[in-house]
J.: 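The structure's right below; bear with me while I get my questions together.
Because the structure is predicted, anything quoted here is derived from the model rather than measured. Whatever order the structure lists ligands and atoms in, that order sets their numbers, starting from 1.
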Amino acid sequence: MDVKVVKDIKSKVLGIFLPEGRDKLPEGIPSKLKKRINELKRLESFKGKESQVVKLQTLEGGVDVVYLVGLGKRSAVNEDTYRRAGANLIKRLKKDKVSSADVLLTEDRRVKELSKVLTEGLILGNYSFEKYKTSKDNGEGKFEVKRVNLVGGDKKEVEKGKILAEAQLYARGLVNEPGNVINPITLAEEAKKLAEEYGLECKIYDEKEIQDMGMLALWNVGKGSATPPRFIHITYKPKGKAKDRIAIVGKGLTFDSGGLNIKTGNFMRTMKMDKSGACAVLGIMRAIAQLKPKVEVHGIIGAAENMPSGSAYRPDDIIRAKNGKTIEVDNTDAEGRITLADALSYASELKPSRIIDMATLTGACMVALGEYTAGLFTNDEKFAKELKSIAGRTGERVWELPMDDERLRKHIKNTFADVLNTGGRYGGAITAAMFLQEFVGEGIKWIHLDIAGPAWSKEDYAYYSKGGTGFGVRTCVEYILSI
Ligand code: BES
Ligand code: MG
Ligand code: ZN
C-alpha cells in the first residue's frame, strides 16, 4: 500500500478522525458535505469511542462514502491513538474492499506528527501473514488497499513514517516465518541480502569461526541442531564523522524447543518467535540505512536453534564465553542469555557508547508485566529515561524493573562457574538481566529489553495482527535518530 500527500479531497471515499464528544468537523470539508455528514452522524449514533468506525453514505460533492473513526476520550488522545485509529480505518477499508481513499488530518497545528503516525498506523494495519494460504477465497486478509491520500499532510513525515512502518513489517514478516524456513543459516543469508540491498556492511561467521573466536556460549547452544549456529554483524557507517557509536543486539533463536530440558505441553508452540529480537535488529538496520543518521550503528545477532539431540549441550555443562567468564548450565531452556553472553561480549569489544539488546528472554517477564509490555533493565538511569520517553511516543510499552537487588543476584552466583544460567522461579526476568550484565563491557551504557510478551500477538489488535509484531523497531530507530 502506498500513502501519498494531496492538497484537496479527490477520492470518492473519505476518512475522518474524531474524539468523543466533539461535534465540530475538521476544516477543509465543503459545506454541503459537512451538513450531510452531521445529519448522518446523528442517525448512525457515532460517539467517537476508540475503535468505533462508522460508514456514512454521503453521496455529496463527489464523496460517496465517509468513514468516521473514533479516537476515544479527548484527554487520552496521543500519537499512538492516531496510529491505532489509522489501523482501524484501514482494516475497515480492507473489509469493505475499498482500494483507495482520502484521509483528512484532523488538527492543523500537528500536521507533522499526525502525518507520520497516521502513515505508520495505516501501513502497519494493512498487514496480515497470508503468504502460505493457497486457497483464493480465503477471506478478507488477501484484499489489499492500494492507496491512501493524506489531505494536507507533510510529505517528509509521511516518508519517514513509511520507512519506519515498512521496517517493522519486514521484522514481523521474518518472525512469522517458521523454523523450517528460517534457521540460523537462512537467517544469516537474509541478513546478507538485506545488507546488499541497502548498502550496509555485513559479516557472517560460521560455526568454525564462531569457535575460533571463542564464542563457545553461542556454539554450545547451537550444537544440538542439524543446522549449525551463525553470528551476524551488520554495520551502518554515516558519511563523514559519526556523532556516536551504538550497538543493537538481538536474541536469534530460530526455534526454541528447550533443548534437553525440553518444553512440555503447549509451551513449544510459537517458539519460532524466539528470533524476534534478531528480526527487530534487521528491521532497525534497514530503516537506519534509509534514514541515514550521523551515528555509527552495529547490528549484532547470535543465531542458533535450541534442539535436544546426542550432540546437544546439557545441564551441568560449564562453558566459557567470549569475555572469558564461565557459565554453568542449570537449564538448557534458559538458552537465550547464553547466546547473548557472546553477542554482548562481541558488541562490547566494538567500544560503543551504548548497547541496547532485545530478547524474548523470559516467561517470567510476562508474568510480571503482562504480555503487552516489555521489561526494561539498565545500568544507566539517564539512558533509560531517554528511551522510556521515546517509547511513550511510539506506543511500544516498556516498564523498568530493578537491577539493584544484591540478594537476588546471589542466586546466579551459587555455582561451580562464574555465573549460573538460571536464578530460580522468583524474579526470573531480573536474574536473567543480571546474567546478561556480566557480559557488558566496563563503562558501556546498556539497556536490556525483555520482549517475550509484546513480540508476539495472540490476536488482531489495532495495528497488530495475529503473529509477530516487530516490537522494538520503531523505538530503537527513533532513539538513534534522537542522538
Ligand atoms: N524463549 C523462552 C522465553 C519465552 C517464553 C519467550 C514464552 C516467549 C514466550 C526462553 O528461552 C525460555 O525458555 N526461558 C525460560 C527460562 C527458565 C528455564 C529459567 C522460561 O521463561 O521459562
Ligand atoms: Mg528457552
Ligand atoms: Zn528462548
J.: What closest approach, in Å, do V69 and A85 show between heavy atoms, and which atom pair accounts for it?
T.: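 For V69 and A85, the tightest heavy-atom pair comes out as CG1-O, 3.6 Å.
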J.: Might you work through the side-chain hydrogen bond (donor to acceptor under 3.5 Å, both in side chains) test for Y313 and N306, ending with a clear yes or no?
T.: CA-CA 9 Å; Y313 81 130; N306 188 21; 4.5 Å; no
J.: Which protein N, O or S atoms does the Mg ion (ligand 2) have within a distance shorter than 2.8 Å?
T.: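 Result, waters dropped: D256 OD2, D333 O, D333 OD1, E335 OE1.
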J.: Counting heavy atoms not belonging to D212, are there more than 12 under 6.0 Å from its CG?
T.: yes
J.: Please tabulate, for side-chain N and O atoms in residues 364-373, each donor-acceptor pair with protein atoms closer than 3.5 Å (sequence neighbours left out).
T.:
| residue | atom | partner | partner atom | Å |
| --- | --- | --- | --- | --- |
| E371 | OE1 | K458 | NZ | 2.9 |
| T373 | OG1 | R397 | NE | 2.9 |

J.: Taking the six-membered ring of Y205, is the NZ or CZ of K203 close enough (under 6.0 Å from the centre) and on axis enough (within 45°)?
T.: yes
J.: What's within reach of the Zn ion (ligand 3), meaning protein N/O/S atoms under 2.8 Å?
T.: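 Correct list: K251 NZ, D256 OD2, D274 OD2, E335 OE2.
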J.: Does the ring centre of H411 sit less than 6.0 Å away from the ring centre of Y426?
T.: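 No, the ring centres sit 6.0 Å or more apart.
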J.: I'd like a table of the close N/O pairs between ligand 1 and the protein (anything under 3.5 Å), one pair per line with both atom names and the distance.
T.:
| residue | atom | partner | partner atom | Å |
| --- | --- | --- | --- | --- |
| ligand 1 | 1 (N) | K251 | NZ | 3.3 |
| ligand 1 | 1 (N) | D256 | OD2 | 3.2 |
| ligand 1 | 1 (N) | D274 | OD1 | 2.8 |
| ligand 1 | 1 (N) | D274 | OD2 | 3.0 |
| ligand 1 | 1 (N) | T360 | O | 3.4 |
| ligand 1 | 11 (O) | K251 | NZ | 3.2 |
| ligand 1 | 11 (O) | D256 | OD2 | 2.9 |
| ligand 1 | 11 (O) | D333 | O | 3.0 |
| ligand 1 | 11 (O) | E335 | OE1 | 2.8 |
| ligand 1 | 11 (O) | E335 | OE2 | 2.9 |
| ligand 1 | 13 (O) | K263 | NZ | 2.8 |
| ligand 1 | 13 (O) | D333 | O | 2.9 |
| ligand 1 | 13 (O) | D333 | OD1 | 2.8 |
| ligand 1 | 13 (O) | D333 | OD2 | 3.2 |
| ligand 1 | 21 (O) | G363 | N | 2.7 |

J.: Got more than 12 heavy atoms from elsewhere within 6.0 Å of CG, D405?
T.: yes
J.: Taking all non-hydrogen atoms of both residues into account, name the closest pair between P184 and T254 and its distance.
T.: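 Between these two residues, the closest heavy atoms are CD-OG1, 3.3 Å.
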J.: Would you call the rings of F383 and Y479 parallel, tilted or perpendicular, taking 30° and 60° as the class edges?
T.: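 Answer is tilted, since the angle falls between 30° and 60°.
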J.: Heavy atoms only: give me the nearest R83-T394 pair and the separation to one decimal.
T.: NH1-O, 3.0 Å
J.: Identify the two heavy atoms, one from C202 and one from I234, that lie closest to each other, and give their separation to 0.1 Å.
T.: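 Of all heavy-atom pairs spanning C202 and I234, the closest is SG-CG1, 4.1 Å.
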J.: Identify the heavy atoms of A343 and V249 that sit nearest to each other, and give their distance.
T.: CB-CG1, 3.7 Å
J.: Which heavy atom in T422 sits nearest to a heavy atom in R337, and how many Å separate them?
T.: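 Where T422 meets R337 most closely, the heavy atoms are CA-NH1, 3.8 Å.
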